[in-house]
Amino acid sequence: MAGQSDPHVSLFSPPEVEFMAEDELVEIVPNMRMDPLNFICGDFGPFYPQIPVKVPLWLAAALKKRGKCTIRPPQWMSIENLTKVLEGEREDRGTFQAVPFHYIEISRLLFDHARDDIPDIYMVRSLIEDIRDVRLHKVETNLEKFSATSAVKIAHLSAMEVNVVRPFVVRALQAFYKHDNPVLMVDLDSVSDRQSHVTRQRQMPNNAQKQPLKRR
Amino acid sequence: MNDTSSRNGKYFDIDEILIEEELVPVVFHKSANGVKVDPSAEKDCVDEGAKVELPFWLSQELYLRQAVSINVPACFNQKTRREIQADAANVDLRSRCPYFYEFGCKIAPIVGDRTIGKMLLSTFQMRYKDILTKAHTAAYAVASKFLAVLTKEETNLYEAAQSSMAAFKKWRIGGPRIQRASVLGRKRKPID
């Protein structure tokens with residue numbers, strides 16, 4: 001699966017990443033009665049008033065729009081947890097905190113569709129924005145470090161963060177890989193490399209023989 | 001790696017064509033009749049030992065037929081290398097050779113200079129950091145001045161970083177999630 005927005009680059013546009021994030025499950029509290037819904041991605045429901053149920057985010061947003069439910073913000077979206085994560089991100093410059101893979105997209109979708117269901121929305125929003133900015137900056141400093149590598153491993157990066165740096169990183173790694181491998185540059189080069197190796201090996205024993213001769 | 005397939009794959013690549021247009025200084029080993037390399041020359045022939053500049057694609061073919069020997073182009077000479085060593089980020093590589101890296105990779109095995117490969121790698125390493133930081137932070141006015149010294153490959157890299165960052169910022173600010181297709185807005189033409 002590749003992004004539909006630009007056929008030439010293997011890149012998802014941010015709305016496409018958001019689309020994928022809409023498959024994440026959230027808990028809703030319906031205020032209506034409804035039979036179970038059978039989708040390709042699974043069965044959801046049945047829905048009873050005041051009984052929490054887990055549904056995909058897109059369904060939650062659609063129901064919320066019609067005033068049929070309230071969305072329960074996920075556990076990680078609490079102020080305590082977010083403050084902890086933010087502190088962790090600021091203290092540890094090298095590594096990333098474990099956050100939900102789609103935290104940027106989910107938080108934005110919830111802020112857009114269910115602002116009245118999130119307690120302390122201003123605080124939560126600014127915390128998430130801080131976390132996101134700190135992490136993006138960290139990604140950049142991380143990328144500055146690598147040179148002449150053909151693989152990078154950064155743990156706990158989220159979908160959107162990966163997506164933002166993907167086109168740059170892919171190209172940069174390709175360039176590093178190409179210039180670091182003289183064999184890959186052109187076939188001729190590898191041939192001449194091998195030739196010089198052979199001649200060097202041949203010359204070595206000759207020199208070794210000559211040296212004792214000179215000493216005599 | 002299979003060189004022929006990779007070459008075929010890039011046959012219609014406009015960048016590939018432009019790279020091979022770069023001029024290379026060559027020395028003729030044989031005199032050639034009926035060719036006019038230099039437009040100001042009096043005769044239609046090239047003498048043995050004549051030094052001329054030919055496009056890469058032509059000099060490569062002549063080199064394979066042992067008609068010419070190829071010298072190191074000006075963009076890889078000692079003077080440029082010293083400048084790169086001094087401050088790689090500010091060397092104007094675009095004016096020297098817009099395809100500095102790709103051209104270097106092509107010319108290195110032919111002139112038999114293995115230091116070119118290493119020089120390309122170290123140049124890229126040094127300039128890479130600047131591209132990264134500028135791509136994500138610099139304002140447009142600063143960026144356009146900075147862009148002028150980048151080679152084509154570096155510009156691609158810079159634009160890749162910048163466009164994905166711009167797309168992300170645009171998404172973050174928000175706006176209409178569903179856009180109406182331009183076709184829908186149009187009014188139907190009355191049919192006579």
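Each chain gets a letter, A, B and so on, in the order the sequences are listed, and its residues count up from 1. Because the structure is a prediction, the values reported are computed rather than measured.
- The existence of a salt bridge linking R171(A) and E159(B) is excluded, since no basic side-chain nitrogen approaches an acidic carboxylate oxygen closer than 4.0 Å.
- Both the backbone and the side chain of I104(A) come within contact range of chain B, with heavy atoms under 4.5 Å apart.
- Contact of the E129(A) side chain with the R172(B) side chain is not registered, since no non-hydrogen atoms from C-beta on lie closer than 4.5 Å.
- Scanning all heavy atoms of the two residues, the minimum distance from E140(A) to L132(B) falls at O-CD2, 3.5 Å.
- Residues R108(A) and W171(B) have side chains in contact (heavy-atom distance under 4.5 Å, counting atoms from C-beta outward).
- Proximity of S122(B) to H179(A): side-chain heavy atoms (C-beta onward) are nowhere separated by under 4.5 Å.
- Annotation for A172(A) and L157(B): closest pair N-CD1, 3.5 Å, computed over non-hydrogen atoms.
- Remark: M123(A) CE is loosely packed, at most 12 non-hydrogen atoms of other residues, nucleotides or ligands lying under 6.0 Å away.
- Proximity of the aromatic rings of F176(A) and Y128(B) is defined here by a centroid distance below 6.0 angstrom, and this criterion is met.
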Exercise for the section: Take C105(B) and K178(A) through the test side chain to side chain contact (heavy atoms under 4.5 Å, CB included) and record every step on the way to the result. Expected result: CA-CA 9 Å; C105(B) 288; K178(A) 186 171 183 189; 4.0 Å; yes
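- Put simply, NZ on K129(B) and OG1 on T141(A) are 12.0 Å apart, with the number rounded to the nearest 0.5 Å.
- Within a 6.0 Å radius of CZ in F19(A), no more than 12 heavy atoms belonging to other residues, nucleotides or ligands are found.
- Between P14(A) and K170(B), the closest side-chain pair of non-hydrogen atoms is not below 4.5 Å.
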